[in-house]
Amino acid sequence: MTTLSPAAARTWSRLPRRHVPVLATLVLLLVLYGVGVSQYRAFSNVQVVFNVFIDNGFLLVVAVGMTFVILTGGIDLSVGSVVAMTAMVSAFLLEKGVPAAPVLLVALLIGPTLGFLMGCVIHFFDIQPFIVTLAGMFFARGMCTFISGSSIPITDGFWTRMSQERVGNPHGNFVSISVLIAFAVVAVAAYTLAYTRLGRNVYAIGGNAQSALLMGLPVGRTRIAVYTISGLCAAIGGILLSFYTLSGAPLIAVGMELDVIAAVVIGGTVLTGGSGYVFGTVLGVLVLGVIQTLITFDGSLNSWWTKIVIGGLLFAFILLQRLIGIRYK
Amino acid sequence: MTNHQASYRALTAHRLFWPVVVLVVMLAANTVYRPSFLSVQMRDGHLYGSLIDILRLSAPLILVALGMTLVIATGGIDLSVGSLCAISGAIACLHISRQPDQNSFGAVLTALALGLGVALVLGAWNGVLVAVIGIQPIIATLILMVAGRGLAQLITEGQILTINSDPYKAIGVGHLLTLPLAIFLAAAAALLIAAATRRTALGLLIESVGGNARASRLAGIRSARITLLVYVISAACAALAGFMMTANVSSADGNAAGLWVELDAILAVVIGGTSLVGGRFSLGGTILGALLIQTLTTTVYAMNISPQTSLLFKAVVVIAVCLIQAPGFRARFTRRTTPIATQAAVVEQPKEQVRA
Amino acid sequence: MTPSRPVLTMTGISKSFPGVRALDNVDFRLFPGEVHALMGENGAGKSTLIKVLTGVYGTDQGTVTLDGEQVSFTGPMQATAAGVSTVYQEVNLCTNLSVAENIFIGREPRRLGAVRWGEMRRRARALLARLDLDIDVNAQLGSYSLAVQQMVAIARAIDIKARILVLDEPTSSLDAGEVAQLFRVMRQLRDDGIAILFVTHFLDQVYGITDRITVLRNGQLVGEYATNELPQLSLVEKMIGKELQVLERLDEQSRHDVAAPAEGTPLLDVRELGRRSAVAPFSLAIHEGEVVGLAGLLGSGRTEVARLLFGADRADHGTVRVRGTPASLRTPVAAIDHGIGFCSENRRAEGIIAELSVRENIILALQAARGWLRPIPRRRQDELVQRYVQALSIRPADPDIPVGNLSGGNQQKVLLARWLVTEPRLLILDEPTRGIDVGAKTEIQRLVAQLSDGGMAVLFVSAELEEVLRLSHKIVVMRDREVAAQLTNDHSVDADRIMQSIAAGATHEGVPS
Amino acid sequence: GNSDTGGKGDDGKITLGFSQVGAESGWRTANTTSIKEAAAAAGIDLKFDDAQQKQENQIKAIRNFIQQKVDVIAFSPVVESGWDTVLKEAKDAKIPVILTDRAVDSADKSLYKTFLGSDFVKEGRLAGEWLVEQEKVATGPVNIVELQGTTGSAPANDRKKGFAEAIGANPNLKIIASQSGDFTRAGGKQVMEQFLKANPKIDVLFAHNDDMGLGALEAITAAGKVPGKDIKIITVDAVKDGMQALADGKFNFIAECSPLLGPQLMDLAQKVHNGEEVPARIETQETTFTQEQAKEALPNRKY
Ligand SMILES: Nc1ncnc2c1ncn2[C@@H]1O[C@H](COP(=O)(O)OP(=O)(O)OP(=O)(O)O)[C@@H](O)[C@H]1O
Ligand SMILES: Nc1ncnc2c1ncn2[C@@H]1O[C@H](COP(=O)(O)OP(=O)(O)OP(=O)(O)O)[C@@H](O)[C@H]1O
Ligand SMILES: [Mg+2]
Ligand SMILES: [Mg+2]
């Protein structure tokens with residue numbers, strides 16, 4: 001007879017345990033926001049919060065894709081460049097007079113295609129994701145400069161509308177359409193991870209790829225899928241960025257992959273894979289956004305102090321997050 | 001199976017065979033493009049030529065990548081090395097620039113000691129965040145990557161600090177026995193690290209921590225100390241590289257010095273055959289990887305590939321290197337010609353022998 | 001009752017790894033409605049044959065025929081789809097997922113493509129109840145002990161409605177109760193016409209459930225026999241290829257009844273040591289040269305006790321004295337400093353470092369204790385490794401191959417060797433004979449007895465009650481994460497008595513007050 | 001609510017929100033310093049933001065300036081295009097915008113009040129014109145190598161363009177190699193080393209900034225050639241180290257790109273705030289330097 005009834009006392013402490021990192025992040029984010037409000041009067045404007053979303057919509061979408069990849073224990077360094085390439089290709093095609101719909105289609109296809117190819121190389125040839133996606137990063141950035149050495153403005157009507165349409169009160173508080181798209185992506189991703197086989201396989205592979213293989217899960221297919229998803233998210237992010245800036249520039253989003261990875265990790269996803277939530281990623285993006293807003297509001301830091309303070313705030317945040325995590329373990 | 005075949009097989013099965021092939025192919029391509037590429041002349045008592053340039057310029061990358069190898073072997077990663085290069089270089093240059101006699105040996109030595117000292121402290125900081133507080137390495141070192149750039153600029157006040165010190169300059173462009181001094185420094189560091197890891201048990205313990213951290217703890221390894229140590233070593237290597245970079249141009253540029261060198265270093269480590277997951281590491285492979293990357297950069301300049309396309313070129317080469325090196329790729333490629341039975345002997349063991 | 005047509009036929013299977021011929025022209029047949037034992041020493045090629053069957057490895061030569069059709073799986077996914085359900089030797093589950101998910105992942109109940117979590121949990125609960133396992137299906141699998149994980153893996157496999165069920169040492173850390181439960185289920189499945197391939201090193205289990213036996217030796221087929229026609233003795237003979245010696249030793253290995261040297265200051269004396277939500281505070285004294293056995297059911301907290309004593313988990317209660325002086329065992333390093341060694345039950349996650357060589361794995365703990373600045377000279381390493389490779393018959397006997405390439409049993413021996421070279425004063429062994437073949441098991445038992453005669457204290461945890469009884473001077477019985485009783489292992493103690501005290505609960509015999 | 005007055009104090013002090021590109025070069029730092037000093041001197045409350053070379057960050061900063069209700073917004077665009085949306089928001093909030101250093105390519109010119117800064121194309125052209133003048137008498141081909149700035153950046157594109165236009169006047173002048181040195185000394189040196197090996201005869205080096213020229217200088221010396229004589233060096237910027245090299249005869253010509261926009265900017269900010277009319281485009285006072293002019297100018301060079 002085997003009885004392993006978990007003591008009732010353990011149930012309450014176990015249930016939220018896996019949510020503790022996310023909850024801690026949420027609390028700390030609110031504290032950070034509180035600091036802003038107490039320091040700068042204009043910080044309490046609702047529009048400030050909306051702006052954080054408006055300004056980070058594309059980052060959020062890309063980070064959602066990265067969450068999939070990191071959950072499997074991989075990494076995708078190509079996202080920043082794919083974002084730039086998507087924006088660049090869109091701008092280039094629009095400049096050539098191609099109508100908006102085919103441009104959108106092409107732009108949305110390039111990212112996933114590249115992601116798919118990278119996923120195949122990673123899976124079939126057993127090459128480390130870091131190096132494959134680094135090559136992908138070189139490739140996509142190379143395509144940007146190859147298409148044009150200088151930035152290309154977008155004047156297309158559809159793009160302009162998407163860029164300048166204000167949802168909400170156009171003279172009061174509003175968000176951009178990109179924010180709605182970003183939320184839609186987040187919702188779809190969260191659903192996929194929680195309720196579909198693909199999503200559960202992602203977690204399984206991140207937990208232990210070899211076990212997942214032996215359990216008869218489609219490891220290869222899933223792995224290729226996550227890089228494709230990340231490519232798709234980067235492509236959507238690229239479109240949102242082109243809405244945001246109404247142009248394609250060869251050097252835009254340089255180093256974005258690091259911001260994205262940072263956001264995902266701050267959101268509580270473990271880099272070795274297998275644990276984390278899309279909601280955490282949303283929080284991670286917001287943390288970066290709020291830190292930046294704080295610094296702009298301060299407005300007294302010079303260039304190097306800006307970097308030092310960003311580093312310092314990041315440190316304080318992660319340290320607290322970690323300490324809370326330990327306490328509740 | 002003839003003797004000849006067997007030795008060929010042993011050779012191609014060696015982990016570093018294929019990177020070497022790519023390196024040779026690249027040099028050959030350069031030579032075809034410009035036959036004088038390989039020529040080395042004697043000029044002012046030292047050797048002069050593109051090959052020498054490659055060696056000298058790869059010295060800092062080799063240094064950074066060596067430190068990175070150890071960090072990666074423990075299953076970590078160090079993104080802060082670029083900023084550490086900038087900081088240590090800036091500190092050294094700042095100290096020298098304040099001296100009345102910039103050529104004084106003593107002043108240069110103090111400058112180096114200062115730069116190195118600060119780097120060691122920052123390396124320990126990284127180590128503490130990772131090993132003691134338990135923050136994920138990529139994030140822990142990202143903090144210093146961001147803030148460190150700011151520190152470096154704070155030190156130089158955002159300007160490019162030019163110095164005029166021959167002893168310091170020698171670190172970057174000096175010569176010894178007709179060869180650049182930087183090569184000797186990198187080689188010395190490589191030997192030192194090799195001795196420290198392979199002559200002692202450090203290498204074993206590092207590989208053990210990287211291979212299975214939980215098991216290592218239960219085997220009584222003080223993994224926190226080991227982890228701390230590798231971040232410190234990595235910082236020290238970065239500092240030395242920072243001295244070289246700044247000495248090379250006799251000036252400290254807080255913004256540009258060592259920018260993105262962490263990516264190159266990680267790439268070198270990975271090309272060298274060390275897995276980012278941690279565990280077994282190969283210092284020789286890393287050095288080869290660094291040489292390969294520098295050769296690639298030099299090739300872009302020497303063949304005058306336009307800057308617009310140079311990244312595409314780089315992408316192609318990087319992918320070629322990994323593909324040709326990947327056992328999975330070669331297995332698929334050779335399957336048609338080699339009977340399957342002998343294949344297992346050629347194909348190198350991946351971490352877990354499981355067919356996907 | 002054997003139908004004429006086998007559901008599975010493997011003919012002329014060969015498989016080589018670099019330097020090792022793991023399978024050499026092996027034939028194997030499996031009929032519907034039979035339980036078929038695959039027997040052989042450690043490293044004989046059992047697991048490899050299974051992995052060839054399920055497509056984890058490709059074959060060098062040979063064919064696999066399933067229901068008369070030749071198949072060539074390229075991976076476990078295909079094998080599962082074709083009706084081959086497998087529990088591999090090392091527990092291969094995802095510890096980051098919940099118990100329920102581990103059972104159902106890949107075939108979750110769904111509606112319109114969406115996973116039905118509630119339904120999944122309900123079915124998981126029902127399934128586990130069938131195996132008589134009452135655990136929280138919502139909890140992360142990793143929070144349960146290895147034995148529980150093994151049960152979950154079995155649950156997963158039997159729920160897949162398969163034609164062939166492959167069980168590679170599923171019982172290695174289960175105790176009698178679970179084994180009986182498992183056998184009940186296996187019989188049901190067999191009666192439903194499912195073919196079961198069963199690997200184990202426990203001979204009584206072989207005779208308890210199997211219909212036929214196939215024996216492998218050194219990668220070669222020795223033969224296929226009907227269980228009731230093959231006496232135990234000849235089975236062992238066929239497995240080891242030598243005559244009888246081992247069995248003789250098995251017999252002469254009687255109860256370890258040298259009077260327990262339980263006087264004087266204990267080597268280790270813990271009072272009220274405990275850890276919230278893991279083990280209730282307990283007191284225990286271990287003397288030099290004493291073998292203390294820990295008995296108890298699955299999840300009774302034996303592993304927790306062992307981990308607390310080694311500092312692998314931190315106690316939040318109680319005091320420790322080593323040779324009379326107060327000590328703190330807060331970390332493994334501290335415990336090792338006090339001369340304690342610990343061999344974990346979970347060899348893959350907490351034991352071997354797969355990439356490192358056998359040599360490196362063996363000297364690891366000793367080297368760690370010396371610090372990195374004092375490497376063990378190569379000659380000394382060779383000496384030590386040589387000695388234990390021989391003493392424990394680790395195969396292949398090449399100290400430079402990665403330990404991950406060894407068979408499961410051989411990996412276990414490497415782990416044991418790691419601690420033996422450190423010559424600890426107290427060695428804590430958590431399921432040290434897990435997956436080890438009959439021959440080697442007696443070797444290890446003898447070694448333990450020998451070491452304890454030489455003054456080393458041993459804390460011995462094993463799911464196999466016989467083994468505990470045979471070796472221990474004192475037996476500590478655990479129940480529900482509490483020490484239920486401490487018995488001196490004299491002739492009055494036997495398996496029944498221990499089972500009784502497990503059932504009865506706190507009899508608190510001989511517990512120091 | 002939106003009733004906040006943000007940074008605007010009651011003392012009538014103007015608040016200027018300024019978004020800088022970053023601190024990627026000594027030139028940029030001098031630019032920042034000039035603006036900060038001028039703001040202090042003019043009694044303007046400066047909200048400074050560093051965008052770390054990212055356009056996204058600049059847009060974010062401008063949005064935040066709008067929220068803080070600053071009186072005037074100024075910024076040095078990282079790239080030319082892509083500002084319409086956020087500038088429209090500024091316009092709706094009735095905050096005037098001044099561009100510094102680089103122009104933007106908005107079709108709607110009402111989105112900003114004025115542009116203050118240099119003309120990169122012109123700098124390239126000035127450099128080229130000087131060379132054409134110098135090589136008037138040249139009979140054979142003149143081999144030029146070019147060190148470009150960061151690929152894809154506006155100054156690199158424009159200087160390259162201006163220079164190419166100007167030297168088109170003389171078919172003898174030929175750019176035989178052109179590579180990116182990323183605006184850094186190390187980059188300039190490394191690229192120049194290979195140029196020297198690949199091309200036995202180099203007559204002229206055109207570097208898109210002083211720093212790359214200074215790096216190249218070392219490579220030239222190491223190759224046993226005399227900079228300024230064997231190889232003529234033309235650069236842009238005129239930072240102090242560059243001027244020193246020019247005065248020492250190692251460089252031959254520098255087209256100035258002045259970072260000292262501060263006083264002019266503050267002046268403009270005040271005017272714009274007071275609703276005064278300002279010209280749509282104001283170019284900073286910039287000159288060119290030859291070796292002799294450099295010797296004179298060097299002692300009172302600030303950056
Ligand atoms: N991945 C591998 N790489 C190299 N050799 C291997 C590998 N897997 C198994 N071997 C070798 O193949 C032989 C057979 O191993 P296998 O695991 O099949 O033994 P086993 O009969 O299951 O033993 P055990 O009872 O210990 O589990 C052993 O000699 C082992 O060292
Ligand atoms: N690392 C751990 N973290 C959290 N809880 C654990 C851990 N290990 C075990 N437990 C819990 O403690 C219970 C007792 O497990 P333990 O391993 O001590 O049992 P045991 O008596 O050794 O039995 P067996 O090893 O046969 O399962 C487990 O079922 C599990 O619920
Ligand atoms: Mg086995
Ligand atoms: Mg146990």
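All chains are named by letter (A, B, ...) in the order of the sequence lines, taking the proteins before the strands, and each is independently numbered beginning at 1.
- For Asp211(D), the part lying under 4.5 angstrom from a heavy atom of chain B is the side chain only.
- Side-chain polar atoms of Ser50(B) and Gln194(D) form a donor-acceptor pair below 3.5 angstrom.
- Heavy-atom pairs under 4.5 Å with chain D peak, among Ala256(B), Ser39(B), Ser251(B), at Ser251(B).
- In this structure, Lys36(D) places its NZ atom where more than 12 heavy-atom neighbours from other residues, nucleotides or ligands lie under 6.0 Å away.
- Heavy-atom distances place the side chain of Gln294(B), and not its backbone, under 4.5 Å from chain D.
- To the nearest 0.5 Å, atoms OG1 (Thr184(D)) and CG (Leu259(B)) are separated by 9.0 Å.
- The number of heavy atoms from other shown groups lying within 6.0 Å of NZ (Lys174(D)) does not exceed 12.
- Using a 4.5 Å heavy-atom threshold, the side chains of Gln179(D) and Val300(B) count as touching.
- The candidate from Asn304(B), Thr297(B), Thr246(B), Ile305(B) with the greatest count of non-hydrogen atom pairs under 4.5 Å with chain D is Asn304(B).
- Both the backbone and the side chain of Ser180(D) come within contact range of chain B, judged by heavy atoms closer than 4.5 Å.
- In this structure, Asn164(B) places its CG atom where only 12 or fewer heavy-atom neighbours from other residues, nucleotides or ligands lie under 6.0 Å away.
- No part of Ala219(D) comes within reach of chain B, as not one of its non-hydrogen atoms sits under 4.5 angstrom from that chain.
- Atom-to-atom distance recorded for Leu214(D):CG and Ile160(B):CD1 is 8.0 Å, nearest 0.5 angstrom.
- A distance-only check finds no donor-acceptor pair linking the side chain of Lys189(D) to the backbone of Val249(B) [under 3.5 Å].
- Rounding to the nearest 0.5 angstrom, the gap separating the CH2 atom in Trp260(B) from the CG atom in Asp182(D) is 12.0 Å.
- Checking each of Lys197(D), Met192(D), Gln190(D), Glu193(D) against Tyr301(B) for a side chain to side chain contact (heavy atoms under 4.5 Å, CB included) leaves exactly one that passes, namely Gln190(D).
- Pro307(B) and Thr151(D) get closest at one heavy-atom pair: CB-OG1, 3.5 Å.
- Residues Tyr48(B) and Ala222(D) come closest through the heavy atom pair CE1-O, 3.9 Å.
- For Gln52(D), no part sits under 4.5 Å from any heavy atom of chain B, backbone or side chain.
- Of the listed residues (Met303(B), His46(B), Glu157(B), Gln153(B)), the one with the most heavy-atom contacts under 4.5 Å to chain D is Gln153(B).
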